[in-house]
Amino acid sequence: MTKPRTSSGLLALCFSSLIAHRSPMHHPRIFRDNVDSLRDAMRRRRKLDEFAPLIDRGVALDLERRSVIQAVEERKAARNANSQEVARRKKAGEPAAELMAAGRQLGEEIQRLEGELAAAEAELNGILLGMPNVTLADVPAGGEEANTVVRSWGMPRPAAGVKPHWEIGEALGILDLQRGAKISGSGFVVFRGLGARLTRALMNFFIDTHVREHGYEETWVPVVVNRASMIGTSQLPKFEEDMYALRDEDLFLIPTAEVPVTNLYRDEILDAGSLPRGFVAYTPCFRREAGAAGKDTRGLLRVHEFDKVEMVRYCTPEQGDEEHERLTRHAEILLERLGLPYRRVLLAAGDTGFGAARCYDLECWAPGVEKWLEVSSCSTFTDFQARRANIRYRPATGDKPLFIHTLNGSGLAFPRVIACLLEHYQQPDGHVTVPEVLRPYLGVEVL
RNA sequence: GGACAGGUGGCCGAGUGGCUUAAGGCGCACGCCUGGAAAGCGUGUGGUGGGGCAACUCACUCGCGGGUUCGAAUCCCGCCCUGUCCGCCA
């Protein structure tokens with residue numbers, strides 16, 4: 001049996017179980033077998049300075065862990081044999097006092113060694129959980145400046161005479177930023193009238209397209225999730241300050257439907273025949289945007305709560321690359337149907353999200369603010385999330401289970417799409433033409 | 001939130017301190033039988049980690065985590081989840 005080895009399969013980030021439950025952890029083999037490729041991966045992300053000491057520490061911890069495991073298991077085997085003998089003697093009416101004392105001694109040693117083991121594994125797990133995924137070979141090394149536009153579609157509308165979406169929206173009475181701020185705070189938006197109906201229209205158009213034409217299973221999932229789910233998709237432990245959390249329980253508001261949907265099959269083993277498969281979900285998304293104070297604060301560009309339709313795909317390692325392309329096309333098609341000019345950007349390693357191995361951003365032209373707005377982010381996580389969430393598949397009956405690959409992409413995020421629609425389809429009189437595909441959903445041709 | 005009752009291997013289901021290193025059944029895989037199939041018979045049947053790194057072997061795994069004990073699926077404590085009833089409620 002040949003185990004598929006993608007570049008991230010190498011990154012044996014293997015902590016799934018530490019997340020919430022029982023078994024100590026899987027195998028930090030990365031620190032045994034592929035330290036060099038791990039260092040190289042961090043270098044490509046421009047993160048080597050940060051992670052080099054942790055990698056060194058991980059190597060030492062892995063050695064320590066294994067030696068303690070051997071010591072513990074040796075004593076456990078001895079204890080098991082000892083207990084068997086105690087049982088035998090008692091049954092035979094022979095004295096067993098000294099064996100019971102020996103067993104007590106072994107028990108104390110086991111307890112001490114297990115303490116050491118737990119400490120080493122906790123530190124090791126912490127390091128592994130905090131280490132980003134290894135990007136794939138075709139991802140350019142470097143930071144944002146190395147991002148690459150790989151394709152584009154449509155003619156960006158010239159900016160001349162186009163108002164920004166917040167002016168259009170408020171003038172049409174479909175957007176109420178003032179009252180959003182009043183009832184919740186800045187970064188919260190109220191849509192009214194046709195604006196509210198536009199949100200509903202986008203939700204239906206997006207989901208209908210993915211379900212009817214792209215073969216996704218429609219899901220409707222909780223927007224409040226537990227810690228294990230947040231670790232599974234790698235929002236935690238590293239980005240806790242970006243998340244909205246409930247005060248009285250260890251629960252979080254989701255920053256994306258990726259979290260509940262990807263975690264659907266956490267701790268399960270799937271049939272190979274069920275792969276690839278896709279799930280789509282509409283949810284609101286909640287982001288504190290803690291590190292983004294002051295950036296893009298106007299209008300709909302960056303808000304704390306927004307709506308999004310998300311696509312999630314499961315597949316085998318072999319299917320990963322083609323599934324990434326497929327997923328990205330599913331998002332692009334929506335923009336083409338909406339008639340919004342966009343470009344696909346392959347993010348450089350340093351700009352690629354923590355858990356992603358390759359990420360395409362889809363950016364839509366907004367002539368009113370004269371910016372390319374990120375309306376979708378389509379990523380493959382290779383087996384990174386699957387390891388954390390312990391989602392596996394069995395290639396064939398009798399085979400050992402392997403980790404699946406997970407992918408996800410927005411299809412699409414509403415506020416920036418709405419901004420682009422308002423600006424791109426703006427008419428001289430301030431009204432906005434509704435694209436054909438939305439008319440059946442909206443019931444009007446002009447906003 | 002309160003009171004009961006439960007959580008055992010892919011599924012059902014025994015099992016209240018040591019020949020259970022989880023009985024039995026179903027399912028599944030392979031084999032026998034058959035012209036072929038069913039039935040029948042036989043064999044096997046998970047996951048994780050450690051060592052060899054192949055055969056094999058050791059440890060862990062009966063919701064999760066602690067505790068008692070030479071020894072825990074079995075006893076004790078805490079937590080989670082499920083079911084039923086009550087309360088509350090969109």
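We name chains A, B, ... by the order of the sequence lines, and we start the count at 1 in each one.
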J.: Would you compute the distance between atom CZ of A:Phe51 and atom CD1 of A:Ile127 and round it to the nearest 0.5 angstrom?
T.: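 Taking CZ in A:Phe51 and CD1 in A:Ile127, the distance rounds to 10.5 Å.
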
J.: Determine the Euclidean distance between corresponding C1' atoms of B:A5 and B:A90; express it in Å to zero decimal places.
T.: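 It comes out at 29 Å once rounded to the nearest Å.
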
J.: Between B:G49 and A:Arg65, is there an OP1 or OP2 to side-chain N/O distance shorter than 4.0 Å?
T.: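 So the side-chain polar atoms of A:Arg65 never come under 4.0 Å of the phosphate oxygens OP1 or OP2 of B:G49.
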
J.: Without hydrogens or angle criteria, can the side chains of A:Tyr265 and A:Arg392 be said to hold a donor-acceptor pair below 3.5 Å?
T.: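 No.
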
J.: Hey, what do you get for CZ (A:Phe188) to CD1 (A:Ile183), rounding to the nearest 0.5 Å?
T.: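 Taking CZ in A:Phe188 and CD1 in A:Ile183, the distance rounds to 10.0 Å.
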
J.: Pull out every protein N or O sitting under 3.5 Å from an N or O of nucleotides 51-56 of chain B, one pair per line with the distance.
T.:
unit_1, atom_1, unit_2, atom_2, d
B:G51, OP1, A:Arg66, NH1, 3.0

J.: Looking at A:Asn80, does any N or O in its side chain come under 4.0 Å of the phosphate oxygens OP1/OP2 on B:G71?
T.: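 Looking at the OP1 and OP2 atoms of B:G71, neither is under 4.0 Å from any side-chain N or O of A:Asn80.
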
J.: Considering every strand and a 4.0 Å limit on heavy-atom distances, what is the contact class for A:Ile69: base, sugar-phosphate, or nothing?
T.: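 Sugar-phosphate contact only - A:Ile69 comes under 4.0 Å of backbone atoms but never of a base.
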
J.: Starting at atom CD of A:Glu268, determine the distance to atom P of B:U48, rounded to an integer number of angstrom.
T.: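 Rounding to the nearest Å, CD of A:Glu268 and P of B:U48 are 15 Å apart.
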
J.: Rounded to the Å, how far apart are A:Arg75 CZ and B:C70 P?
T.: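 Going from A:Arg75 (CZ) to B:C70 (P), I get 19 Å.
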
J.: Write down the distance separating the C1' atoms in B:A73 and B:A54, rounded off to the nearest Å.
T.: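 These two C1' atoms come out 35 Å apart once rounded.
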
J.: B:G83 and B:U68: how far apart are their P atoms, nearest whole angstrom?
T.: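 Going atom to atom, P in each nucleotide, I get 35 Å.
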
J.: When the distance from CG of A:Asp250 to C1' of B:C81 is rounded to whole Å, what number comes out?
T.: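 Nearest whole value for this atom pair: 16 Å.
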
J.: Taking the same atom, P, in B:G13 and in B:G63, what whole-Å distance lies between them?
T.: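 Those two atoms are separated by 15 Å.
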
J.: Taking A:Glu109 first and then A:Lys76, would you say they form a salt bridge - that is, a charged N and a carboxylate O separated by under 4.0 Å?
T.: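 Here A:Glu109 does not pair with A:Lys76 in a salt bridge, since their nearest N and O are not under 4.0 Å apart.
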
J.: Quick check: closest heavy atoms across A:Cys359 and A:Ser379, and the distance to 0.1 Å?
T.: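 That would be SG-OG, 3.3 Å.
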
J.: In chain order, what residues pass the ring-ring contact (aromatic ring centres under 6.0 Å, His included) check against A:Tyr360, with sequence neighbours excluded?
T.: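 Here the qualifying residues are A:His324.
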
J.: As an exercise, state the distance from CD of A:Glu322 to OG1 of A:Thr380, rounded to the nearest 0.5 Å.
T.: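 With rounding to 0.5 Å, CD (A:Glu322) is 12.0 Å from OG1 (A:Thr380).
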
J.: Would you mind reading off the distance between A:Glu73 atom CD and B:A59 atom C1', rounded to a whole angstrom?
T.: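 Spelled out: CD on A:Glu73 to C1' on B:A59 is 4 Å.
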
J.: When you compare B:U84 with B:C28, how far apart are their C1' atoms, in angstrom units rounded to a whole number?
T.: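 Here B:U84 and B:C28 have their C1' atoms 35 Å from each other.
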
J.: Would you indicate whether A:Asp49, at its atom CG, is surrounded by more than 12 heavy atoms from other residues, nucleotides or ligands within a distance under 6.0 Å?
T.: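 Open: at most 12 neighbouring heavy atoms sit under 6.0 Å from CG of A:Asp49.
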
J.: Could you list all N or O pairs between the protein and nucleotides 67-69 of chain B that sit under 3.5 Å apart?
T.:
unit_1, atom_1, unit_2, atom_2, d
B:G67, OP1, A:Gln111, NE2, 3.2

J.: Does a sphere of radius 6.0 Å around CD in A:Gln84 hold more than 12 heavy atoms from other residues, nucleotides or ligands, not counting ones at 6.0 Å or beyond?
T.: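 For A:Gln84, atom CD is not crowded (no more than 12 foreign heavy atoms under 6.0 Å).
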
J.: Should B:U61 be called syn or anti, with syn set as within 90° of 0?
T.: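 It is syn.
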
J.: Pick the closest RNA chain B nucleotide for A:Ala102 and for A:Lys76 by heavy atoms, then say which residue is nearer the 5' end.
T.: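 Closest to the 5' end, via its nearest nucleotide, is A:Lys76.
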
J.: Using atom CD1 of A:Ile269 as one end and atom P of B:G9 as the other, report the distance to the nearest whole Å.
T.: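 It works out to 13 Å between those atoms.
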
J.: Sticking with atom C1', work out how far B:C64 lies from B:C60, rounded to a whole angstrom.
T.: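 To the nearest whole Å, 15 Å.
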
J.: Please set out all donor-acceptor pairs under 3.5 angstrom arising from side-chain atoms of residues 300-313 of chain A, sequence neighbours excluded.
T.:
unit_1, atom_1, unit_2, atom_2, d
A:Arg302, NH1, A:Glu289, OE1, 3.2
A:His304, ND1, A:Arg287, O, 2.8
A:His304, ND1, A:Arg288, O, 3.3
A:Asp307, OD1, A:Tyr282, OH, 2.3
A:Lys308, NZ, A:Thr256, OG1, 2.8
A:Lys308, NZ, A:Glu310, OE1, 2.7
A:Arg313, NE, A:Glu323, OE1, 2.3
A:Arg313, NH1, A:Tyr216, OH, 3.1
A:Arg313, NH2, A:Glu323, OE1, 3.0

J.: Assert yes or no for the condition that the ring centre distance of A:Phe354 to A:Phe384 is strictly below 6.0 Å.
T.: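 Close enough - the centres of the two rings lie under 6.0 Å apart.
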
J.: May I ask you to say what A:Arg394 touches in the nucleic acid, namely base, sugar-phosphate or nothing, with a heavy-atom cut-off under 4.0 Å?
T.: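 Sugar-phosphate, no base atom in range.
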
J.: Rounded to the nearest 0.5 Å, what's the gap from SG on A:Cys285 to CD1 on A:Ile254? Could you check?
T.: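 Reported to 0.5 Å precision, the distance equals 5.5 Å.
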
J.: I'd like a table of atom pairs between the protein and nucleotides 18-21 of chain B - only N or O on both sides, under 3.5 Å - with the distance next to each one.
T.:
unit_1, atom_1, unit_2, atom_2, d
B:G18, N2, A:Ser83, O, 3.1

J.: Can you measure A:Leu128 atom CG to B:G49 atom P for me and round it to whole angstrom units?
T.: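 For the pair A:Leu128 CG and B:G49 P, the rounded distance is 13 Å.
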
J.: Whole angstroms only, please: what is the CD1-C1' distance between A:Ile110 and B:G71?
T.: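 Atom-to-atom, A:Ile110 to B:G71, this comes out as 11 Å.
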
J.: Just to verify, which of A:Val225, A:Asn408, A:Val261, A:Asn263 counts as forming a side chain to side chain contact (heavy atoms under 4.5 Å, CB included) with A:Thr233?
T.: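 Only one option passes, and that is A:Asn263.
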
J.: Compute the centroid of each ring, for A:Phe286 and then for A:Phe252, and state whether the two points are separated by less than 6.0 Å.
T.: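 When the ring centroids of A:Phe286 and A:Phe252 are compared, they turn out to be at least 6.0 Å apart.
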
J.: Please find the pair of heavy atoms, one from A:Val190 and one from A:Arg179, that lie closest to each other, and give the distance.
T.: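 In terms of heavy atoms, the two residues are closest at CG2-C, 4.2 Å.
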
J.: Pairs counted only when both distances fall under 3.5 Å, Watson-Crick or G-U: show me the 5' to 3' dot-bracket for RNA chain B, [ ] for pseudoknotted crossings and | for other-strand partners.
T.: ((((((((.[[[..)..(.....]]]((((((.......)))))).(((((....)))))..[[[[[..)....]]]]])))))))....

J.: I need the NZ-C1' distance between A:Lys400 and B:U48, as an integer number of Å.
T.: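 These atoms are roughly 9 Å apart.
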
J.: Taking only the C1' atom of each, what is the distance from B:G7 to B:G87 in whole angstrom?
T.: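 Those two atoms are separated by 26 Å.
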
J.: Between B:C62 and B:U74, how far apart are the C1' atoms? Round to whole Å, please.
T.: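 Result for the C1' pair: 10 Å, nearest Å.
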
J.: Count the heavy atoms belonging to other residues, nucleotides or ligands that lie under 6.0 Å from CD of A:Gln178, then report whether that count exceeds 12.
T.: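 Open: at most 12 neighbouring heavy atoms sit under 6.0 Å from CD of A:Gln178.
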
